[in-house]
Trainee: 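Below: one structure in structure tokens.
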Amino acid sequence: MKDITKMSADFDRWYTDVVRKAELADWSGIRGMMVVRPYGWAMWEAIQRAFDDMIKESGHENWAFPLLIPRDYLIKEAEHVEGFAPEVAWVTRAGSGNEELEEPLAVRPTSETIVGSIIKRYIQSHRDLPQLTNQWNSVVRWEMRTRLFLRSREFWWQEGHTFHASAQEAMDEVDLILGYYRDIAQEWLAVPVLAGKKSPAETFPGAVYTLTIEGLMRDGMALQMGTSHYFGQNFARAYDISFSNKENERELCYSTSWGITTRLVGALVMAHGDDSGLIVPPRVAPIQVVIVPIFRDAESRAKVETFIGGWSGELKAAGIRHKVDWRDERPGDKYAHWEMKGVPLRLNVGGRDVDAGQVELVDRLSRQRRPVPVAGIGARLADELASFQKALFERAQGFLKENTFERSTLAEVVAHFKVGIGFVWVPWCGDAECEARIKAEAGGVTVRTIDPDERASGKCLVCGKPATHRVALARAY
RNA sequence: CGGGCGGUAGCUUAGCUCGGCAAAGCGCCUGGUUUGGGACCAGGAGACCGCGAGUUCGAAUCUCGCCCGCCCGACCA
């Protein structure tokens, strides 16, 4: 691909080039604030639809809560406030006289505090529980270092906030949601993930524990792709969210929160792309099949157009998102263009094909050309898209496997990350000091997740005491 | 938020040291020839030279402040 930096030459530049040239997103001119363009937003919409269906199916409801949070709402949960303090943006003045506000308003960095403050009104009895809320919105975090989709000062997400009558029910909730996240990543984005618990150092501020899904990008860096937090009664205590239980005693709620963000669009770019640009998983692809007509003059154009008109309705009937590229460009130009945009399947259709009653099918992964008869083309392409989705996932899974390792000492880990990439599983004692030493000595390597089976064997890679956890280490975005 | 680098047409950049008519390639528009892997010819449009002050007869060029971006650190979905 001309115009984009080679992935092998400079991954970061490659990423930025692809995001901008494929028209996913851009910087806005306002520091750290991005503009998501239609092609990128359509991918986010596909993710939204998929996830929204999942949570509605299990009884969650969408709400809209305020953008601005009064200071005294925000500061009640000590750990939470401390965690977010550095990145909160404040509204301190307003009105025609630009008067100083009596109480500053925070632009939400996340909404636990205001949802808690409001939802308690609607919870009196155990009969009012669970409350399963979600909202689709954007939040602001005053980041110092920004990257399109991966870290911007505003980003779009869903934030679920749920309130339960028992600890077990709340813990089941965070498991349920993590399962949804795993499905979004693997089944929709075709990105295989490690799913597990965060170490205390990586746990969300105010949470008892945090569950995460972690994907591996093609440069070997890990990316957190979704988190689900169990709060126990921490927020209920701070915000006095209580209910009367069956024995008519006051009890504090158990709550959770969970989110996935527009970062996932960046994840699919970095997990699947190549030197020619994007490769978009069919299930979230705004355009799944692009048709490139090949013709010389008005007469041959009419011939091809009539031919395509004869079967394109089948694609629509099969629910395939497709587009015919009639732009006045040469075919080679169009091939390169749609490859850069990552469209999974392309059909080249010229006079020869019309005569043979076929089209030439090219997929974005193998780029092999195969003749396909137009008879039954809707079903055929639906199959091809399903195969493509599967092949893309398998390729990513192969990459993950090749780049997952086992090590047992800190020295080995340091040696690995000096030149190596990927995930490294190690035994760990659970001590925060040992965790800090890994980060310091292995150059920013962090504990990405704890093996969900909590299988522990051997000795801690740092201190040599008996290990209590098996954890995956990686450099992360 | 600290250190380094940068901002000139839609994009990539030259010009800046040493002040003197704002350039090139790509892209865009028009016409023509073309069209099965990134075409060619001719003509044309397009620039508050990031913004604001200052120095000067004169500033893209020198000085100061600010804004935006990139790289490196501390922090992070």
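A, B, ... follow the sequence lines: proteins, then strands. Residue 1 opens every chain.
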Trainee: Going by purine N1 to pyrimidine N3 plus the second Watson-Crick contact, or the G-U wobble pair, all under 3.5 Å, which nucleotide sits opposite A14(B)?
Mentor: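 No nucleotide pairs with A14(B).
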
Trainee: Across all strands, who's sitting opposite C51(B) as a Watson-Crick or G-U wobble pair, both distances under 3.5 Å?
Mentor: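 Result: G65(B).
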
Trainee: Has Phe155(A) got its ring stacked on A77(B), by the test of a centre gap below 5.5 Å and a plane angle below 30°?
Mentor: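 Stacked: centres under 5.5 Å apart, planes under 30°.
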
Trainee: Take atom OH of Tyr335(A) and atom P of G37(B), then tell me their distance rounded to the nearest Å.
Mentor: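 About 6 Å, once rounded to whole Å.
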
Trainee: When the distance from CG of Asp10(A) to C1' of C70(B) is rounded to whole Å, what number comes out?
Mentor: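 Rounding to the nearest Å, CG of Asp10(A) and C1' of C70(B) are 11 Å apart.
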
Trainee: Ignoring the backbone of Arg263(A), work out which of A77(B), G36(B), C70(B) is nearest its side chain.
Mentor: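 Out of A77(B), G36(B), C70(B), the nucleotide with an atom closest to Arg263(A)'s side chain is A77(B).
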
Trainee: With heavy atoms under 4.0 Å as the rule, sort Gly444(A) into base, sugar-phosphate or nothing.
Mentor: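 No contact at all - Gly444(A) keeps every heavy atom at 4.0 Å or more from the nucleic acid.
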
Trainee: Can you tell me which nucleotide in G38(B), A74(B), G69(B) comes closest to the side chain of Arg31(A)?
Mentor: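 Out of G38(B), A74(B), G69(B), the nucleotide with an atom closest to Arg31(A)'s side chain is G69(B).
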
Trainee: Heavy atoms from C-beta onward define the side chain here; which of G36(B), A74(B), G37(B) lies closest to that of Met144(A)?
Mentor: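 From the listed options, A74(B) comes nearest.
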
Trainee: Using whole Å, what does the distance between atom P of nucleotide A77(B) and atom CZ of Phe51(A) come to?
Mentor: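 Answer to the nearest Å: 18 Å.
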
Trainee: Applying a 4.0 Å non-hydrogen cut-off, can you work out what Leu223(A) is touching in the nucleic acid: base, sugar-phosphate, or nothing?
Mentor: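 No contact.
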
Trainee: Would you list the atom pairs, donor with acceptor, under 3.5 Å between side chains in residues 32-43 of chain A and any protein atom, with sequence neighbours excluded?
Mentor:
| from | atom 1 | to | atom 2 | distance (Å) |
| --- | --- | --- | --- | --- |
| Tyr39(A) | OH | Lys341(A) | O | 2.7 |
| Trp41(A) | NE1 | Glu45(A) | OE2 | 3.4 |

Trainee: Among G36(B), C72(B), A77(B), which is the nearest nucleotide to the side chain of Glu143(A)?
Mentor: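 The listed nucleotide nearest to Glu143(A)'s side chain is A77(B).
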
Trainee: Trp425(A) and His469(A): aromatic ring centres closer than 6.0 Å?
Mentor: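 No, too far apart.
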
Trainee: Using 4.0 Å as the upper bound for N to carboxylate O, is an ion pair formed by Glu360(A) and Arg369(A)?
Mentor: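 Looking at Glu360(A) together with Arg369(A), the answer is yes, because their closest N to O distance falls below 4.0 Å.
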
Trainee: To the nearest Å, how far apart are Arg330(A) CZ and G38(B) P?
Mentor: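 Whole-Å distance recorded here is 7 Å.
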
Trainee: Take the protein atom NZ of Lys334(A) and the nucleotide atom C1' of A39(B), then report the distance between them rounded to whole Å.
Mentor: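 Lys334(A) atom NZ is separated from A39(B) atom C1' by 14 Å.
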
Trainee: Across the strands shown, which category fits Phe84(A) at heavy-atom distances under 4.0 angstrom: base, sugar-phosphate, nothing?
Mentor: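 Nothing, no heavy atom under 4.0 Å.
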
Trainee: Which part of the nucleic acid does Tyr477(A) contact within heavy-atom distance under 4.0 Å: base, sugar-phosphate only, or nothing?
Mentor: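 Here Tyr477(A) touches no strand at all.
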
Trainee: In whole angstrom, what separates Asp26(A)'s CG from G69(B)'s P?
Mentor: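 Spelled out: CG on Asp26(A) to P on G69(B) is 11 Å.
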
Trainee: Salt bridge between Arg367(A) and Glu339(A), side-chain N to carboxylate O under 4.0 Å?
Mentor: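 The answer is yes: the pair qualifies as a salt bridge.
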
Trainee: Report the residue (Lys21(A) or Arg153(A)) whose heavy-atom-nearest nucleotide on RNA chain B is the more 5′ of the two.
Mentor: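 Comparing both residues, the 5'-ward one is Lys21(A).
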
Trainee: Counting only side-chain heavy atoms from C-beta out, which of C72(B), U34(B), C1(B) sits nearest to Arg145(A)?
Mentor: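 Of all the options, the side chain of Arg145(A) is nearest to C72(B).
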
Trainee: Expressed as a whole number of Å, how far does the P atom of G38(B) sit from that of C5(B)?
Mentor: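 Looking at atom P only, G38(B) and C5(B) are 43 Å apart.
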
Trainee: To the nearest angstrom, how far is Trp157(A) atom CH2 from A77(B) atom P?
Mentor: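 Rounded to whole Å, this separation is 10 Å.
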
Trainee: In whole angstrom, give me the gap between the C1' atoms of C40(B) and U56(B).
Mentor: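 So the two C1' atoms sit 50 Å from each other.
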
Trainee: Check if the side chain of Asp353(A) and the base of G36(B) share a donor-acceptor pair of N or O atoms closer than 3.5 Å.
Mentor: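 Donor-acceptor pair under 3.5 Å: yes.
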
Trainee: Provide the Watson-Crick or G-U wobble partner of G73(B), both distances under 3.5 Å; none if there is no partner.
Mentor: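 Paired with C1(B).
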
Trainee: Looking at G36(B), G69(B), A77(B), which one has an atom nearest to any side-chain atom of Trp27(A)?
Mentor: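 Of the options given, the side chain of Trp27(A) lies nearest G69(B).
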
Trainee: Reckon Arg346(A) touches a base, only the sugar-phosphate, or nothing at all at heavy-atom distances under 4.0 Å?
Mentor: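 Base contact.
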
Trainee: Could you give the distance separating A45(B) and G2(B) at their C1' atoms, to the nearest angstrom?
Mentor: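 Each nucleotide's C1' atom is 46 Å from the other's.
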
Trainee: If we check side chain to side chain contact (heavy atoms under 4.5 Å, CB included) with Phe423(A), which of these qualifies: Asn403(A), Leu400(A), Val471(A), Thr449(A)?
Mentor: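 Result for side chain to side chain contact (heavy atoms under 4.5 Å, CB included) with Phe423(A): Leu400(A).
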
Trainee: Say we look at A9(B) and A22(B): how far apart would their C1' atoms be, to the nearest angstrom?
Mentor: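 It works out to 11 Å between them.
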
Trainee: Roughly how far apart, to the nearest Å, are C70(B) and C29(B) at atom C1'?
Mentor: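 Here C70(B) and C29(B) have their C1' atoms 33 Å from each other.
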
Trainee: When the C1' atoms of A14(B) and G7(B) are considered, how many whole Å apart are they?
Mentor: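 About 15 Å, rounded to a whole number of Å.
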
Trainee: Taking the C1' atom of each, how far is C68(B) from U8(B), in whole Å?
Mentor: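 One C1' to the other, the span is 15 Å.
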
Trainee: Which nucleotide, G69(B), C1(B), C71(B), lies nearest any side-chain atom of Asp12(A)?
Mentor: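 Per side-chain heavy atoms of Asp12(A), the pick is C71(B).
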
Trainee: Provide the Watson-Crick or G-U wobble partner of G31(B), both distances under 3.5 Å; none if there is no partner.
Mentor: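 Its partner is C41(B).
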
Trainee: Taking the side chain of Arg13(A) as heavy atoms from C-beta outward, which of U34(B), G37(B), C70(B) is closest to it?
Mentor: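 For Arg13(A), the side-chain atoms sit closest to C70(B).
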
Trainee: Can you find a donor-acceptor N/O pair under 3.5 angstrom joining the side chain of Glu339(A) to the base of G38(B)?
Mentor: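 No, the side chain and the base share no sub-3.5 Å donor-acceptor pair.
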
Trainee: Salt bridge between Asp274(A) and Arg364(A), side-chain N to carboxylate O under 4.0 Å?
Mentor: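 Yes, charged N to carboxylate O under 4.0 Å.
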
Trainee: So, for Glu202(A) and Glu435(A), which heavy atoms are closest and what is the spacing to 0.1 Å?
Mentor: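 What the structure gives for the nearest pair is CG-OE2, 4.2 Å.
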
Trainee: Which one, G37(B), A77(B), U34(B), comes nearest to the side chain of Asp328(A)?
Mentor: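 So the side chain of Asp328(A) is nearest to U34(B).
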
Trainee: So Gly29(A), base contact, sugar-phosphate only, or nothing? Heavy-atom distance under 4.0 Å.
Mentor: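 Touches sugar-phosphate only.
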
Trainee: Are any of the side-chain nitrogens in Arg370(A) or Glu384(A) under 4.0 Å away from the carboxylate oxygens of its partner?
Mentor: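 Salt bridge between Arg370(A) and Glu384(A), a charged N being under 4.0 Å from a carboxylate O: yes.
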
Trainee: Regarding Gly226(A), tell me which of base, sugar-phosphate or nothing describes its non-hydrogen contacts under 4.0 Å with the strands shown.
Mentor: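 Since no nucleic acid heavy atom lies under 4.0 Å of Gly226(A), the category is nothing.
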
Trainee: Nearest whole Å is fine: how far is G73(B) P from Lys439(A) NZ?
Mentor: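 Atom NZ in Lys439(A) sits about 12 Å away from atom P in G73(B).
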
Trainee: Which sits closer to the 5' end of RNA chain B, Arg147(A) or Gly350(A), going by the nucleotide each is nearest to?
Mentor: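 Between the two, 5'-proximity favours Gly350(A).
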
Trainee: Mind checking Ser300(A) for me? I need base, sugar-phosphate or nothing, with any heavy atom below 4.0 Å counting as a touch.
Mentor: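 Since no nucleic acid heavy atom lies under 4.0 Å of Ser300(A), the category is nothing.
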
Trainee: Between Glu214(A) and Lys198(A), does any NZ, NE, NH1 or NH2 come within less than 4.0 Å of an OD or OE carboxylate oxygen?
Mentor: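 So Lys198(A) pairs with Glu214(A) through a salt bridge.
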
Trainee: Quote, to the nearest angstrom, the C1' distance that separates C49(B) from G10(B).
Mentor: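 To the nearest whole Å, 16 Å.
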
